[in-house]
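Structure first, then comments.
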2 protein chains.
Amino acid sequence: MKPKGLLTPQRKAILDVICASSDHPTAAEIMDRLRERGRQFAYGTVYNSLKYLTETGQIQELRVGDACRYDARTEHHHHIQCTVCGRVDEVFAPIPGEWAEEVARETGYLLDQDQILLKGVCASCRARTS
Amino acid sequence: MKPKGLLTPQRKAILDVICASSDHPTAAEIMDRLRERGRQFAYGTVYNSLKYLTETGQIQELRVGDACRYDARTEHHHHIQCTVCGRVDEVFAPIPGEWAEEVARETGYLLDQDQILLKGVCASCRARTS
DNA sequence: TTTATAATTAGACTTATTCTAATTAATAAT
DNA sequence: ATTATTAATTAGAATAAGTCTAATTATAAA
């Protein structure tokens, strides 16, 4: 008897919500959006589903601030968060190989190229502040 | 009457613990180490002190995983966390200016050069895994 | 000294997440 | 088809990090 690893109706509904979102929703936001669509699952189901979808590579989990956020874009990319408003955006500019090597040499780590979180101030917050 | 902004005995004790630590302790770990030294303060005091020390530039706060960690090294540098064991290390290799510009151009963000969190697998976890 | 404000305290509260025990669903072997 | 086995879901309790509040203590300026 093999493990099932099914895309159950619950998991499918959660994946759909994430695919329809471009703002990296948190688990709580995903639950809100499910409710708007007339679906409501137990906390445990949502977290279990997010774990399953992440582990099977269907979504990407990124921890930002005090919550995990989820992204349907699974291509290699990084993220940047605004230190003023908290929004999170994608960064597709690849890390320069030279710098990655320098970091690896300095730290002894094997770099994970997809999990970099940058910080900064987004365009609209800069406009508002200055 | 001006605000005081004092380095009270509590704040001093907390700063001492952080200066004596090289492993980026969390608030909970700081409280443990205070207790080992025979000091114990209210949660509120510890968090208030960490905020004060961060705002006055005496320590650096970095959010990693589900908790904030504190670092007595305030020079410009980044951090890298092991995705296996969770340890956090310093990265002093500066971001290549060219890449920073590319990210700024792509995202419209004004990059904060000191707040980059990288992920990877540390040397000892790699040795253990392979 | 009195007065105003800052800092500390204990503990309640919030938020994100994990865990648990019971139930339901689905598959595999009979 | 029926039963055994395991997976997934559920409701809700438990945990962990951090914030908030009201009362108290400490400090400094007038």
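These values consider heavy atoms only, across backbone and side chains, with no hydrogens, waters or symmetry-generated copies. Convention: sequence-line order gives letters A, B, ...; per-chain numbering from 1.
- Using a 4.5 Å heavy-atom threshold, the side chains of B:Val64 and B:His79 count as separate.
- Here A:Thr45 lies in heavy-atom contact (under 4.0 Å) with a base.
- In this structure, the CD atom of A:Glu29 is 15 Å from the C1' atom of C:dT17, given to the nearest Å.
- Checking the phosphate oxygens (OP1, OP2) of C:dT18, no side-chain nitrogen or oxygen of A:Tyr47 falls inside 4.0 Å.
- As a whole-Å value, the separation of A:Phe41 CZ from C:dT17 P is 18 Å.
- Comparing D:dT9, C:dA7, C:dA16 by their closest approach to the side chain of B:Arg11 singles out C:dA7.
- Taking 4.0 angstrom as the limit, A:Gln40 places none of its side-chain polar atoms (N or O) nearer than this to OP1 or OP2 of D:dT10.
- Residues A:Asp32 and A:Arg39 are not paired through a salt bridge, judged by the lack of any N-O separation under 4.0 Å between the basic side chain and the carboxylate.
- Relative to the side chain of A:Ser49, the nucleotides D:dT10, D:dT9, C:dT18 differ in distance, and D:dT9 lies closest.
- Here C:dT8 presents its P atom at 13 Å from CE of B:Met31, a figure rounded to the nearest Å.
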If you apply the rule side chain to side chain contact (heavy atoms under 4.5 Å, CB included), what do you find for B:Thr26 with B:Ile30, and how did you get there? CA-CA 6 Å; B:Thr26 62; B:Ile30 292 165; over 6 Å; no
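- Where A:Gly44 and A:Ala28 each meet DNA chain C at their nearest nucleotide, the meeting point lying more 5' is that of A:Ala28.
- We find that CG of B:Leu34 is positioned 15 Å from C1' of C:dT9, with the value rounded to whole Å.
- Within 4.0 Å (heavy atoms only), A:Tyr43 reaches at least one base atom of the nucleic acid.
- In the set D:dT10, C:dT8, C:dT17, C:dT17 carries the atom at the smallest distance from any side-chain atom of A:Ala27.
- The phosphate of C:dA25 (OP1 or OP2) has no side-chain N or O of A:Thr8 nearer than 4.0 angstrom.
- Between B:Glu29 and B:Arg69, some side-chain heavy-atom pair lies under the 4.5 Å cut-off.
- Clustering ILVMFWY residues whenever any of their side-chain heavy atoms sit less than 4.5 angstrom apart, transitively, puts A:Leu7 in the very cluster that holds A:Ile18.
- Distances from the side chain of A:Ala42 to the nucleotides D:dT10, C:dT17, D:dG18 place D:dT10 closest.
- Across the protein-nucleic acid pair, A:Gln10 atom CD and C:dA25 atom P stand 10 Å apart, rounded to whole Å.
- Within residues 62-72 of chain A, the residues that place at least one heavy atom under 4.0 Å from DNA chain C are, in residue-number order, A:Arg63, A:Asp66, A:Ala67, A:Cys68.
- Side-chain atoms of B:Glu90 and B:His78 include no donor-acceptor pair closer than 3.5 Å.
- In this structure, B:Asn48 places its CG atom 9 Å from C1' of C:dA6, rounding to the nearest Å.
- Spacing between atom CG of A:Leu6 and atom P of D:dT5 amounts to 20 Å, rounded to whole angstrom units.
- B:Tyr70 has its side chain out of reach of B:His24: every pair of non-hydrogen atoms, C-beta onward, lies at least 4.5 Å apart.
- Side chain to side chain, B:His77 and B:Asp71 meet the donor-acceptor criterion of an N or O pair below 3.5 Å.
- Between A:Lys12 atom NZ and D:dT9 atom P there is a gap of 14 Å when expressed in whole angstrom units.
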